[in-house]
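Sequence lines set the chain letters: A, B, ... in the order given, protein chains first and strands last, and positions in each chain run from 1.
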Amino acid sequence: MLKIKNLHAGVEENEILNGINLEVNPGEVHAIMGPNGSGKSTLAAVIAGKEEFEISEGHIEFEGEDLEDAAPEERAHKGIFMSFQYPVEIPGVSVTNFIKTAINESRKARGEEEMPANKMLKLIREKSELLEIDRKFLSRSLNQGFSGGEKKRNEIFQMAMLEPKLAILDETDSGLDIDALRIVAHGVNKLRSKDNAVIVITHYQRLLDYIIPDFVHVLQEGKIVKSGSKDLALELEDKGYDWLKDEVVPQ
Amino acid sequence: MGSKHTENIDLREKLVSSFLAFQSHVDVDHPVHDIRSEAIRNFEIKGFPNRKEEAWKYTSLGKLQKIDFSIFPKKVNALEYSDVKQYFLHEMDTYKIVFIDGIYSSYLSETTHDGVDICLMSAALTKPIYEPIIELYFNKAAKGEDSLTSLNTAFSKEGAYIYIPKSKAPIKPIEIIHFATGKESSLMLQPRNLIIAEENAELQIIERHQSLTSNDVLTNAVTEIFAAKNSIVDYYKVQNDSSNASLIDNTYISQKQGSAVHVHTFSFGGNITRNNLNFYQDGERIDSTLKGVTILNNKQHVDHHTLVHHQQPNCESHQDYKGIYADKATGVFNGKIIVDEVAQKTNAFQQNNNILISDDATINTKPQLEIFADDVKCSHGCTIGQLDEEALFYLRARGIPRKEAQALLMYAFANNVLESVRIPELKLRINKLIAEKLGVHLGFDL
Ligand SMILES: Nc1ncnc2c1ncn2[C@@H]1O[C@H](COP(=O)(O)OP(=O)(O)O)[C@@H](O)[C@H]1O
Ligand SMILES: [Mg+2]
């Protein structure tokens, strides 16, 4: 589904990603862990198509197509979704109007009709119940004045509404208490199927108790320095990242 | 081209000499006529303002003065309601004071004398029963030295007259609409409005100038609003006129203790629009609110000059103007706040935020603070920027294409000024106008 080969990317002369290789197949859950500043958010943003980052080498393929020239909205239309580490506050646009617009723009791009209002309402009700989101919340301005936890839950609500093929969750667990974490994990697990995949970016093992990964990768200084099974996450929790500094980079 | 441009016509001279003819149509023995005569003298001396004056640095009336405007409407023109329905807030019931080419249209209007007076300036300026009120209020808030105000005063004859007695409130909002039919190739209009809200009175007004063709129209309007103790006045100006219609709007508001006057100005169209919005606070615990949304494209020009004069302690003023400028549009915001020495504990807030979406668009924004009291809270800020790239990426990452995402952000940027619009039907209308003006279908009902 997603194939990243020797990806180098950065801002101007500053290289942030130095040769990432990653393959994600349908049905899989991959966890990416790593210290602050190692390039996790950059990787997520590059996959989502953020134009600020320049790709100097390597490429990203999604379902066999090179993503190089695809605009962020086109990637979204293909089924790529990124849950933002820092969701942007947009005063004046309600959560509901935002999600309706997003869904209908995606449908339009695929040559489909707009979703009928009653179906949209039903979907909103269903997904907000799944994520235990108060209906009043949906008429508020997007992310404005939301707590950290509310922002993250709102991201997952959007994911549930859009039903992407590939979901990249960038530190969705930070700012969540244990109850919220469970709710969010439940929302993510609901989406999982043999046809779609999830990349979970996290600092902590905690979230991985609920969203169980098939693979765990460690990112350091813009490189994947180690990959393994879910046990690697436990090991990292125990030992931290420093011991990996001496590891040989897998080719 | 509908307009006649001739080199030797001087609009000032034409206006001054027209005053003689004008006098034969009004009662020269009425006390107001002395005020008119003095006003024409002031205009004759001062003439039109020019760009050497600081207040007119960015707005030129030069081209307009070359047009051979008709000063008096020649004949009564009629309009069918169905043809102009779209310009009314027809989604709801309203009182209506409607003028066609400067002449009152009883056919399109709905006035009342039932407990409140919602009627005509021509009646107020001629009928003896109104004389005491006219003597008390007429031209008392308007600034006599301003030449364009003087020009309007000299020719004051018609407009809206609204008087709301103590503790009364009309049962529905009042629409004041001026249509220009274009039957005259170029027409100058000078409506004069007087609005009085007595103690505890409350009212809502929506004002609109609408030219129906591309012929030249120049409107030089003066509105005086008197808000007595604890009264509440909401005034909405909808400026979405055709590309050859220019407007100079001079609004003077005199407020007494505990009153609240909110003026919203929505500027979406027209050729040259100049808004001189002046608030004078004469009492304590006064709230003056000035809000504006300006969205311009092509070569449209809007100049907002606001003044809030705090003359008493413990009052507030809130100014929030948002502007979006595309193509070669130009905007001006000049916000003047005066706080007199006695006006302690004044809380004056001013904000002007602008987005330029083309390299050829310009905005000149300037706060002008003259503060003579020491215990005041006064904040002001202005920004000129482009759209937030982070926010754009967020929307695009959710599948909203760049153009729609930009429109959505601009809509959101302008939209928070609408929160204080207290007529839901109007709010919806303005929302639609904003979407239309931004040229997008937002994928949801606004
Ligand atoms: N827009 C940017 N401009 C310059 N440097 C950036 C930018 N975004 C990220 N970086 C740098 O790239 C590195 C990786 O950042 P990031 O991907 O956010 O790390 P992580 O998510 O792993 O904490 C950091 O050193 C950060 O300062
Ligand atoms: Mg990060």
Side-chain angles (χ1 to χ4, degrees), chain A residues 44-45 47-53 70-110 114-115 117 120 141-144 151 154-155 157-159 161-164 168 170, chain B residues 266 291-293 295 320-324 351 353 355 383 385-421 424 427-428 430-435 437-446:
Chain A
I47 299 170
K50 196 168 190 185
E51 285 147 356
E52 195 182 338
F53 298 108
E73 56 268 33
E74 291 170 322
R75 297 180 197 217
H77 300 155
K78 287 179 202 292
I80 297 175
F81 175 92
M82 171 171 85
S83 166
F84 282 60
Q85 182 176 3
Y86 304 108
V88 184
E89 299 199 4
I90 305 189
V93 179
S94 71
V95 176
T96 308
N97 281 338
F98 171 62
I99 198 67
K100 278 184 192 168
T101 310
I103 285 183
N104 283 329
E105 288 297 344
S106 288
R107 291 172 74 100
K108 217 189 318 178
R110 290 190 219 107
E114 284 196 358
M115 187 182 281
M120 183 76 80
S141 275
L142 188 58
N143 294 320
Q144 198 187 20
K151 282 182 184 164
N154 181 38
E155 291 290 286
F157 166 70
Q158 292 171 33
M159 183 200 74
M161 290 292 294
L162 291 162
E163 298 184 326
I168 305 163
D170 190 0
Chain B
F266 301 107
K291 297 205 174 189
V293 180
I295 306 178
D320 189 356
Y321 279 75
K322 297 261 156 79
I324 299 172
Q351 191 70 35
N353 304 101
I355 294 179
T383 60
Q386 278 82 37
L387 290 173
D388 178 6
E389 282 299 322
E390 279 297 312
L392 263 182
F393 175 62
Y394 186 66
L395 298 179
R396 295 176 73 195
R398 294 290 175 265
I400 302 171
R402 189 178 180 91
K403 185 168 179 282
E404 277 72 17
Q406 281 174 331
L408 193 59
L409 287 181
M410 287 189 274
Y411 161 74
F413 167 78
N415 185 53
N416 76 341
V417 167
L418 295 190
E419 273 163 25
S420 48
V421 173
K427 196 189 229 169
L428 211 65
I430 301 293
N431 255 322
K432 280 189 183 146
L433 280 178
I434 290 176
K437 187 78 192 178
L438 295 173
V440 283
H441 167 62
L442 292 171
F444 54 85
D445 285 335
L446 291 167

> What part of A/Leu142 is in contact with chain B, defined as an atom under 4.5 angstrom from a non-hydrogen atom: side chain, backbone, both or neither?
Replying inline: side chain

> So which part of A/Glu52 gets closer than 4.5 Å to some heavy atom of chain B, the side chain, the backbone, both or neither?
Replying inline: side chain

> Could you give the distance from OH (B/Tyr394) to CG (B/Asp388), rounded to the nearest 0.5 Å?
Replying inline: 12.5 Å

> With chain A, which of B/Ala414, B/Pro401, B/Ala405, B/Ala391 has the greatest number of heavy-atom pairs at distances under 4.5 Å?
Replying inline: B/Pro401

>> Could you measure the distance from the CD1 atom of B/Ile355 to the CE atom of B/Met410? Nearest 0.5 Å is fine.
In response: 7.0 Å

> Tell me, side chain or backbone of A/Pro164 under 4.5 Å from chain B's heavy atoms, or both, or neither?
Replying inline: neither

>> With heavy-atom distances below 4.5 Å as the criterion, would you say the side chains of A/Ile90 and B/Leu408 are in contact?
In response: no

> For A/Ser83, is it the side chain, the backbone, both or neither that has a heavy atom under 4.5 Å from a heavy atom of chain B?
Replying inline: backbone

> Checking B/Leu409 against chain A: side chain, backbone, both or neither under 4.5 Å from a heavy atom?
Replying inline: side chain

>> What part of A/Ala109 gets within 4.5 angstrom of chain B, counting heavy atoms only: side chain, backbone, both, or neither?
In response: neither

> With the threshold set at 4.0 Å, does a side-chain nitrogen-carboxylate oxygen contact exist between A/Lys100 and A/Glu114?
Replying inline: no

>> I want to check something: taking the side chain as every heavy atom from C-beta on, are B/Ile400 and A/Phe98 in contact at a cut-off of under 4.5 Å?
In response: yes

> Under a 4.5 Å heavy-atom cutoff, which of A/Gln158, A/Lys78, A/Glu74 has the most pairs with chain B?
Replying inline: A/Gln158

> Salt bridge between B/Arg398 and A/Glu155, side-chain N to carboxylate O under 4.0 Å?
Replying inline: yes

